Amino acid sequence: MPAPQHRQSRITGALLRWYRRNGRALPWRRENDQYRILVSEIMLQQTQVRRVLELYPRFLKRFPTFRSLANARTSSVIRAWRGMGYNNRALRLQQTARTILQQHDGKLPGTVETLQQLPGIGRYTAHALVCFVFGEPVPVVDTNIIRVLSRLFPRAISRDRSGKVNVEAVWTAARSILPRQNAYRWNQALMDLGATICTSFNPQCDRCPVTAFCPSAFRIKKRSPGTKKVEPGREGIPNRLYRGKVVEVLRNVNGRRFLSFSHLAKQVKPNYGERDKRWLRGILHGLERDGLIATKRRGSTLLVSLPE
DNA sequence: GACCCGTGGCT
DNA sequence: TAGCCAAGGGT
């Protein structure tokens, strides 16, 4: 292992060189439009690049600006989000667009603190925007970078008894190693390495540009048993999948028409029965509370649709 | 801090 | 194949 004082610059140099030749050509890179970068960051939250590549252009064509998104019906935004998952993100993205127009003169705030007050923008996304939109040398820590840095710096980044990494230590390490002159490319390079080489399962250490500096190289243990968490659900299917199904069914209802509870129930759960009624009402109540659906009564029947 | 929030590909 | 995993955030 090289001398410690040279190790960091050797690592950054090697990874930046690798990125120059092997970085992925993603449409939101080299993008100047801050709205388009924001949309990409929201879409990429817990969502694989491949899926975003498919749906990103379609969404931008439908909503090309902050204003077009802010002025749109929420139902049309939810429809444009089809296939992305985590539909709450679509609601928060629209709300953020509205807040930016109403309170920030139509422009994205330039500080982590202010960005993080917008709905759907947390610590990671706020830092990502400050770096990727405004070009400032701030670190970024996402699931890829947690994995890469915890493998490169296992002594500085501790783990608890169950093997979970100390995320705060990752932020400190990321801030420490960040090359200020190449912050944008460095952060992108770290994420590309994590996504393509330093993967969670079966990492390709023989193709990694920083194996010589990595104490974990060729020593990644296969993940231990793991405790499968049991999600609340119905007949073994988690409730959130039913939530997604409800929204998907309503997407396919024409215009602003409502669907009756019984029609919806049969499409959401093929073997729907009277015993499921209370449960499904709970699902709908949760969706309405989140703002993902709207309901009204006509006589004794409940009518459901996407929100205005 | 634990739990919840979609979707689909991969091993 | 059943569980893991993916550019996180809100409550």
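A note on names: the letters A, B, ... follow the listed sequences, proteins ahead of strands, and every chain is numbered from 1. Side chains are part of it too, since the values below use all heavy atoms of this structure and drop only hydrogens, waters and symmetry mates. Not measured: the values here are computed from a predicted model.
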Starting at [atom1] of [X] and ending at [atom2] of [N], how long is that distance when rounded to a whole Å?
X: A/Glu168; N: B/dG1; atom1: CD; atom2: C1'; result: 15 Å
X: A/Leu38; N: C/dA7; atom1: CG; atom2: C1'; result: 13 Å
X: A/Ile121; N: C/dG10; atom1: CD1; atom2: P; result: 9 Å
X: A/Gln117; N: C/dG9; atom1: CD; atom2: C1'; result: 15 Å
X: A/Leu193; N: C/dA6; atom1: CG; atom2: C1'; result: 16 Å
X: A/Asn202; N: B/dC10; atom1: CG; atom2: C1'; result: 12 Å
X: A/Tyr86; N: C/dG10; atom1: OH; atom2: C1'; result: 12 Å
X: A/Gln188; N: C/dA7; atom1: CD; atom2: C1'; result: 9 Å

Quick one: label [X] by what it contacts on the DNA or RNA (base, sugar-phosphate, nothing), any heavy atom closer than 4.0 Å.
X: A/Thr125; result: sugar-phosphate
X: A/Trp28; result: base
X: A/Arg24; result: base
X: A/Pro119; result: sugar-phosphate
X: A/Glu54; result: nothing
X: A/Met84; result: base
X: A/Gly85; result: base
X: A/Leu129; result: nothing

When you measure from the side chain of [X], which nucleotide among [options] comes out closest?
X: A/Asn87; options: C/dG10, B/dG6, C/dA7; answer: B/dG6
X: A/Arg240; options: C/dA7, B/dG6, C/dC5; answer: B/dG6
X: A/Arg251; options: B/dT7, C/dA7, C/dA6; answer: B/dT7
X: A/Arg51; options: C/dG8, B/dG8, C/dA7; answer: B/dG8
X: A/Phe201; options: C/dA7, B/dT11, C/dC5; answer: B/dT11

Check whether any side-chain nitrogen or oxygen of [X] sits under 4.0 Å from OP1 or OP2 of [N], and answer yes or no.
X: A/Thr143; N: C/dA6; value: yes
X: A/Thr47; N: C/dA6; value: no
X: A/Arg147; N: C/dA6; value: yes
X: A/Gln45; N: C/dG8; value: no
X: A/Arg243; N: B/dG6; value: yes

Stepwise, does the side chain to side chain contact (heavy atoms under 4.5 Å, CB included) test hold for A/Ile78 with A/Leu91?
CA-CA 7 Å; A/Ile78 294 173; A/Leu91 302 182; 3.9 Å; yes
So, are [X] and [Y] salt-bridged, with charged N and O less than 4.0 Å apart?
X: A/Asp192; Y: A/Arg185; answer: no
X: A/Arg251; Y: A/Glu248; answer: yes
X: A/Glu235; Y: A/Arg275; answer: yes
X: A/Glu288; Y: A/Arg243; answer: no

Of A/Phe132 and A/Gly120, the one whose closest DNA chain C nucleotide lies more 5'
A/Phe132
Taking the P atom in each of B/dG6 and C/dT1, what is the distance between them to the nearest angstrom?
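Each nucleotide's P atom is 27 Å from the other's.
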Interatomic distance at C1', B/dC3 relative to C/dA7, whole Å
22 Å
Check: A/Trp81 ring centroid to A/Tyr86 ring centroid under 6.0 Å
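For A/Trp81 and A/Tyr86, the ring centres are not under 6.0 Å apart.
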Main-chain N/O of A/Met43 paired with A/Arg89 side-chain donor or acceptor, under 3.5 Å
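Yes, the answer is positive, given that a donor and an acceptor are paired below the 3.5 Å cut-off.
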